[in-house]
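Here is how names work: the chains are called A, B, and so on, in the same order as the sequence lines, proteins then strands, and each is numbered from 1.
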Amino acid sequence: MRKIIHDLSSGTSQTVNEPVIRTIYNFLLNSYGSQGWWPLIELHESGGTNPTKTGSVQGYHPGDYTYPHTDSQQFEIICGAMLTQNTSWQQVERALINLKKIDSLSPGGILDLGPETLREAIRPAGYYNQKAVRLKTLAEWFLELKSRTPEREELLSLKGVGPETADSILLYAFKQPSFVVDAYTRRIISNLGLADEKTKYSEIKALFEENLPEDMIVYQEYHALLVEHAKRYYQKKINYSRCPLLKIVLA
DNA sequence: TGCCAGGTCTATA
DNA sequence: TATAGACATGGC
């Protein structure tokens, strides 16, 4: 296993925002450590003559940036990226575990499932009618991909794949340096005064990419760290003024 | 009971 | 180009 912590405390400044973007990263990394995204599911078989599969979360792999190891894990990340749209990860895990329990968390498995069975399996993740159709689309696309790395535009052309999902797939399933901007990211940088509610996705993405080394590992960690930080300080019922980053950015 | 969660698409102006 | 409404479950 490769254990790397990418610290950005050194390096030369190039833009006004670069020190801020890097300072935030270093603070988050020092605070929470390596996050080990993207979480992967693993099923454990119970013993006996009639083994049953129980879902559990293998979860995170801090400091190990070698994942995905297999096409199966790569496809699992792709499915998770789509299923997590506007839904909590806990619900996505349930859906993924349901699919694994029926040996269908694979492109062929998804395509072989009847529409009703697929809908029932992913029901916990919400929007199950839409997402069932979109999973089939992703499965067909993945089979035709044949281990090639897709272009971002190609992903965006798929039904149900918007900018965040495309970037998540590129960054975590294909290890491409494409920064992911999610609702948490937007909330944090808005509160820090680095953007506002109307700032476009592409502009926020550029803010990070232009002020960081083009490094897949840094992008993965940064996005995951922002999510972890947001879960602590940026839940909607929390006053964002408690965010410790404010003292750092405004200093 | 109502709000919220690791978005995206479509119709309309 | 911008915005509203639809899509849906489960935790708190």
note: A:R186, atom CZ; B:dT8, atom C1'; distance rounded to Å ~ 14 Å
So, OP1 or OP2 of C:dT9: does either fall under 4.0 Å of a side-chain N or O from A:Y128? yes
Q.
Taking only the P atom of each, what is the distance from C:dG10 to B:dT8 in whole angstrom?
A. 22 Å
Whole-Å distance, A:K159 NZ to C:dC7 P, equals 16 Å
Comparing nearest nucleotides in DNA chain C, the 5'-proximal residue of the pair A:N86, A:Q90 is A:N86
- Task: Verify the contact: side-chain N or O of A:N129 to OP1 or OP2 of C:dA8, cut-off strictly under 4.0 Å; return yes or no.
- Result: yes
Next item on the list: For residues A:Y233 and A:H229, establish whether the separation of their ring centroids is below 6.0 Å.
Entry: yes
Rounded to whole Å, OH of A:Y234 lies from C1' of B:dC4 at a distance of 18 Å
Under a 3.5 Å cutoff, is there a donor and acceptor pairing between the side chains of A:K131 and A:T87? yes
Taken to the nearest whole Å, OH/A:Y127 to P/B:dT10 is 15 Å
Notebook entry, point to check: Does A:T165 have a side-chain nitrogen or oxygen under 4.0 Å from the phosphate oxygens OP1 or OP2 of B:dT8?
Noted result: yes
From CD of A:Q130 across to C1' of B:dT8 the rounded distance in Å is 7 Å
Rounded to whole Å, NZ of A:K200 lies from C1' of C:dT3 at a distance of 14 Å
Sorted by position of nearest nucleotide on DNA chain B, 5' first, the leading residue of A:Q235 and A:Q85 is A:Q235
* **Aromatic A:Y234 / basic A:R187 pairing, under 6.0 angstrom, 45° off normal** => no
From CH2 of A:W89 across to P of C:dG11 the rounded distance in Å is 17 Å
Would you say a side-chain N or O of A:R94 is under 4.0 Å from OP1 or OP2 of C:dA8?
no
Open item on the list: Does A:L158 reach a base, just sugar-phosphate, or nothing at all? Heavy atoms under 4.0 Å.
Closed with: sugar-phosphate
Applying a 4.0 Å non-hydrogen cut-off, can you work out what A:G126 is touching in the nucleic acid: base, sugar-phosphate, or nothing? base
When rounded to whole Å, the CG to C1' distance for the pair A:D167 and B:dT8 reads 14 Å
Is the A:W89-A:W37 ring centre distance short of 6.0 angstrom?
no
Please give the distance between the P atoms of B:dC3 and C:dA6 as a whole number of Å. 16 Å
Classify the nucleic acid contact of A:V161 as base, sugar-phosphate or nothing, counting any heavy atom under 4.0 Å across all strands shown.
sugar-phosphate
The side-chain contact (heavy atoms from CB on, under 4.5 Å) partners of A:I248 (sequence neighbours excluded) come to A:T23, A:F27, A:L245
